[in-house]
Structures are given as structure tokens and as C-alpha cells.
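Heads up, the thing below is written out as C-alpha cells.
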2 protein chains.
Amino acid sequence: MARAESAAPPRRGRPASTVLARPDDEPTATALLAAAVQVMGANGYHGASVRDIASAAGTSPAILYHHFDSKQGLLVTMCDRGLDVLVRATEDALDLAGDDPADRLGAIVAAHVRVHMESQRESLIGNSELRALEAPGRALIVAKRDAQQRLFDRVVRDGVRRGAFTTEHPDDAARFVTAACTSIATWYRPGGALEADEIVARYRAIALDAVGYRR
Amino acid sequence: MARAESAAPPRRGRPASTVLARPDDEPTATALLAAAVQVMGANGYHGASVRDIASAAGTSPAILYHHFDSKQGLLVTMCDRGLDVLVRATEDALDLAGDDPADRLGAIVAAHVRVHMESQRESLIGNSELRALEAPGRALIVAKRDAQQRLFDRVVRDGVRRGAFTTEHPDDAARFVTAACTSIATWYRPGGALEADEIVARYRAIALDAVGYRR
DNA sequence: GAGGGTCTTGAACGAGCGTTCGACGTGGGC
DNA sequence: GCCCACGTCGAACGCTCGTTCAAGACCCTC
């Protein structure tokens, strides 16, 4: 077998970046994760073949089974790590926010929106491929997603209790907001008409309106 | 081949209902559409095999190609008709609504929410299987979806222009609202804690808050 | 009763699927 | 210098995929 370049390993220099990678991952596992994000994000779990993913990672299909249990195991790893990133970002934003309810909601909305813009494909997979998850892994992922929703529920309820938000349905309003912010991943394109910061600012303002915050 | 019952044709009595069916469709085409809604709604386009769909419809796989061009053609038909139902319901609601901006937005939100609750699987497919659509049909579907979004844009802009809504970003708020209402299809279960009417009422109220309507 | 169009069928096609396996190259420990 | 463990590979496994096809069942028309 002859390749175009002689010395360099073929996978070097490939674009293999994803927020899902962790420092102690082996390079090939990282490349597979990044490739799976690309291919599954574009075609969905069932629409992405192991050969597609391996090819995008610059390796052979067989290597996937050295680093993961199966294609399903790869999906679970992706969803699990993706939700960790999201929950972590939201919790960090809440820790840094002050005591004002509007500031707190604004902070977690901004964090949620930013993750869904910056890790667009990872977010898409985490939201639309839940149905492709099989029994053991599924419960884990659903639990983490519920935890993220409960963060929002708590902040909105707290704001209502303290009189800052006037919505009559705190939990529904919280779900309303998270769903709207999550959907950004379906349409956002870097370099579009609006700067990312501007989108964050607008969604923060609309979210505050949605919970009945009076400016 | 022997079947359990002797006289009745096997497909009679099967649950084959979908809002996508039209009066002049042949019964088998209707059954295939209903089955495709069930199977694709549960597993996605790539996760639903032609054999699965045919089996759910009580027919053979080959029959699909007598009533549709291909599996892809079936998907296009489903998405096309599903969006027709949605746009039609929204336009009808607007026609029946009065002149008051809050009434108008409330009416289209209620219609949008109701369609996504009552035709849950059809809506899920229309929203999450856009990426499985291939070139010729895709543009048609995207155009219809954009038309639905523009209905909301217009109502919100109109309300802002007339001073009823105070949001500073009408188009973003409109997209915020449609995304939140669309997502109902992902979690709503008939017979859940909330009555459908109650969900509609709450989402209408939150949507009005989101565009800055002052009660 | 014969003829023809429509609807339906089981069987088969080649292609691609997820997964497994045995062999190969390589680099650090003895 | 030997060796083993590890990451990697091409090739192949059995299976399912979307699709086609020739033939049968049905029903309306003459």
C-alpha cells in the first residue's frame, strides 16, 4: 500500500477537534470522537456508518472496536461527555453569577446558548439521537439532561418566589426557554448575519421577558 | 400461506390513522403513510427500514414502490403534507382571530401547539428528518417551513409596530416562540399530568410574555 | 365468460451494514 | 538481542438494506 506522503502518519494534521475529547484520551480515540461528531451530526446515528466515521478519522473501521465497545458505545460516550460539558458550563455560570435573579437566569441562558453555538454538532447529537440510545446507556443520559433542565427550573422558581419574575407557570416557562435556546444548534452558522455575542444578548433579553421579568 | 382469520382481508381493522392521509388516497397508501409515521417517528428515517414500515402497515415491502417512488419519496410526501397541515391550521387560526395583536399571536401559538400535540410523530419527522431529505424535495420542504416561520414573524412585527409588544428583537422573539412550541412534540404524552388545553393556555401566556406583551 | 388493468406478492439482486479476526509493525523492558 | 504487549490493518463474516421483477389475485367492462 502506497500513500501520497511518505514519512508523516496519515492522521497527523487532520482536523480532529471536539470539546468531547479529554486529556488522557489516546490520539486515535480523539480523532474517532471528532469524526463521529461530524458524521453523526450531519447524518444522524443510523445514517452514519462505521466506515464513514473511520474514514473521516483517517483510520480503519476495525480500530473503532479497539477504543470503544461498539458504535453504540461511541454514541453513549459522545452524549455523556457532551452533557457533562453543558451541565458544567451552566453550573459554572451560576457560580459566577451574583444573587440577582435576572443576573442568574441571564447567566445560565448565556452559557446554554453559547454551548449550543460553539459545540453545535455535539449538541445536535445529544438532542436528536436520544432515541438511538439503547437501554443501559439511555437512562444515564436522560438523567443528565433532566439535571440540566432542573437547573433552569430552580433559577426561574427562585426568581418567581422572590418577586423578580411574574410568570404564572415557572416550570413551563423554564422549559420554554431551554427549548428555544437549545434549538439554536439547528440553525446557527458561524459567520452569519449576527455576531455570536449579539445572539447571546438577544436570547438573554427574550428569556427574561418570557419569565415575566419587568425591566 | 395460511392466516389466522379466513375471510377478512388482513389489513382491515389495523390502526392506520394519520392526519397526512387524504380522501382520494388508496387505502394501502394511507396505511403505508400511517405506518411510516409510527416507525420513522420512533426510529428516524435511516433507522426505519422499508420492511419495518411495510410490516407495520400489514403489507409487503414491494408494495411501497407501487404507491411511492422510493423510501425517499415517501419521506417527501410525509414532510410535505405535514407542513401543509401545520401551515393550514395556522392560517385558519389567523383568519378567525380578530384584530388585536395579542389575540392574533395567541391564536397562532395555540394552533401551532395543538398541531404539535395532536400530530406529534408527524411533527417530529418534519422537524428532525429534514437532513435526510435529498436535493429536489428538500428545497420544497424548507420553503414551506420558512413560510410558517414568516407567519409568526409578521404577527410579532405587527404587534410591535402597533405598540402592543415591547420586544426589541421581533424576529428573534418569533423564532424563540416557534422553537419552544415546536419542541412540545418531543415531550408531550397524551394522558400526562397536564390537559392539552391547559398546555395550550400556558404556552400562549408565556409566548405573549416573550414578545413583551404587557397584560 | 373472456380480457385487461390494477393491486399485491414472495423471491431475489447487489450493495452496504456492524463486527470479528489473524497478522503485521513497532518500541520499551529485560 | 529477544520478546511481548499494544495499536493498527486488510479481509472476511453473516446479515440487512433499498429496490426490482415476474407472476398471481382481484375486479370491472364488454
Side-chain angles (χ1 to χ4, degrees), chain A residues 1-3 5-12 14 16 21 24-33 35-36 39-40 42-78 129 132-134 137, chain B residues 1-3 5-12 14 16 21 24-33 35-36 39-40 42-78 129 132-134 137:
Chain A
M1 169 180 72
R3 282 214 178 79
E5 58 268 284
S6 54
R11 67 184 170 286
R12 284 289 184 88
R14 283 179 181 272
D24 53 343
D25 283 342
E26 297 186 22
T28 306
T30 299
L32 282 170
L33 274 173
V39 181
M40 285 193 194
N43 304 329
Y45 177 75
H46 292 296
S49 76
V50 169
R51 284 167 180 81
D52 289 342
I53 296 167
S55 164
T59 69
S60 70
I63 201 78
L64 191 148
Y65 297 85
H66 181 76
H67 296 278
F68 301 93
D69 285 347
S70 60
K71 183 186 173 189
Q72 174 73 203
L74 174 58
L75 176 65
V76 172
T77 301
M78 293 169 65
E129 300 305 332
L133 282 169
E134 290 161 14
Chain B
M1 168 180 73
R3 282 214 176 80
E5 60 269 282
S6 54
R11 68 184 169 286
R12 285 286 185 88
R14 283 179 180 274
D24 54 342
D25 283 342
E26 297 187 23
T28 306
T30 299
L32 281 170
L33 275 173
V39 181
M40 284 194 196
N43 304 328
Y45 177 75
H46 292 295
S49 76
V50 170
R51 285 166 179 81
D52 289 341
I53 297 168
S55 165
T59 69
S60 70
I63 200 72
L64 190 148
Y65 297 86
H66 181 75
H67 296 279
F68 301 93
D69 284 347
S70 61
K71 183 186 173 188
Q72 174 75 202
L74 174 58
L75 176 66
V76 172
T77 302
M78 294 170 64
E129 299 305 333
L133 282 168
E134 290 161 14

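Nothing here was measured: the structure is a model prediction, and the numbers come from that model. FYI, side chains are in, hydrogens and waters are out, and symmetry mates aren't considered; it's all heavy atoms of this structure. Throughout, protein chains are lettered first and strands after them, A, B, ... in sequence-line order, and every chain is numbered starting at 1.
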Counting only side-chain N and O atoms of [X], is one of them less than 4.0 Å from OP1 or OP2 of [N]?
X	N	answer
B:Tyr65	D:dT19	yes
A:Thr28	D:dT8	yes
A:His66	D:dC9	no

Atom [atom1] of [X] and atom [atom2] of [N]: how far apart are they, to the nearest Å?
X	N	atom1	atom2	answer
B:Ile63	C:dG10	CD1	P	11 Å
B:Leu64	C:dT9	CG	C1'	14 Å
A:Asp69	C:dT20	CG	C1'	14 Å
B:Leu32	D:dG18	CG	P	14 Å
A:Leu74	C:dT19	CG	C1'	14 Å

Shorter than 3.5 Å, N or O on both sides, protein versus nucleotides 15-17 of chain D: list them out with atom names.
residue	atom	partner	partner atom	Å
D:dC17	OP1	B:Ser49	OG	3.3

For [X] and [Y], which heavy atoms make the closest approach, and how far apart are they?
X	Y	result
B:Thr30	B:Ala21	CG2-CB, 3.6 Å
A:Met40	A:Ala48	CG-CB, 3.7 Å
A:Met78	A:Ala36	SD-CB, 3.6 Å
A:Asp52	A:Gly47	OD2-O, 4.2 Å
A:Ala31	A:Ala57	O-CB, 3.6 Å

Could you list the protein-to-nucleotides 22-26 of chain C atom pairs, N/O on both sides, closer than 3.5 Å?
none

How long is the gap from CG on B:Asn43 to OH on A:Tyr45, to the nearest 0.5 Å?
->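 If we round to the nearest 0.5 Å, B:Asn43:CG and A:Tyr45:OH are 12.0 Å apart.
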
Gap separating the CG atom of B:Leu133 from the CG atom of B:Leu75, nearest 0.5 angstrom |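 The CG atom of B:Leu133 sits 4.5 Å away from the CG atom of B:Leu75.
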
side-chain hydrogen bond (donor to acceptor under 3.5 Å, both in side chains) with B:Thr77: which residues, sequence neighbours excluded?
->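 B:Thr77: no side-chain hydrogen bond (donor to acceptor under 3.5 Å, both in side chains) contacts found.
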
Contacts table for residues 61-70 of chain B: side-chain donor-acceptor under 3.5 angstrom, sequence neighbours left out:
residue	atom	partner	partner atom	Å
B:Ser70	OG	B:Gln72	N	3.3
B:Ser70	OG	B:Gly73	N	3.1

Nearest nucleotide by nearest heavy atom, which residue falls closer to the 5' end of DNA chain D, A:His67 or A:Pro61?
->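 Counting from the 5' end, the first nearest nucleotide belongs to A:His67.
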
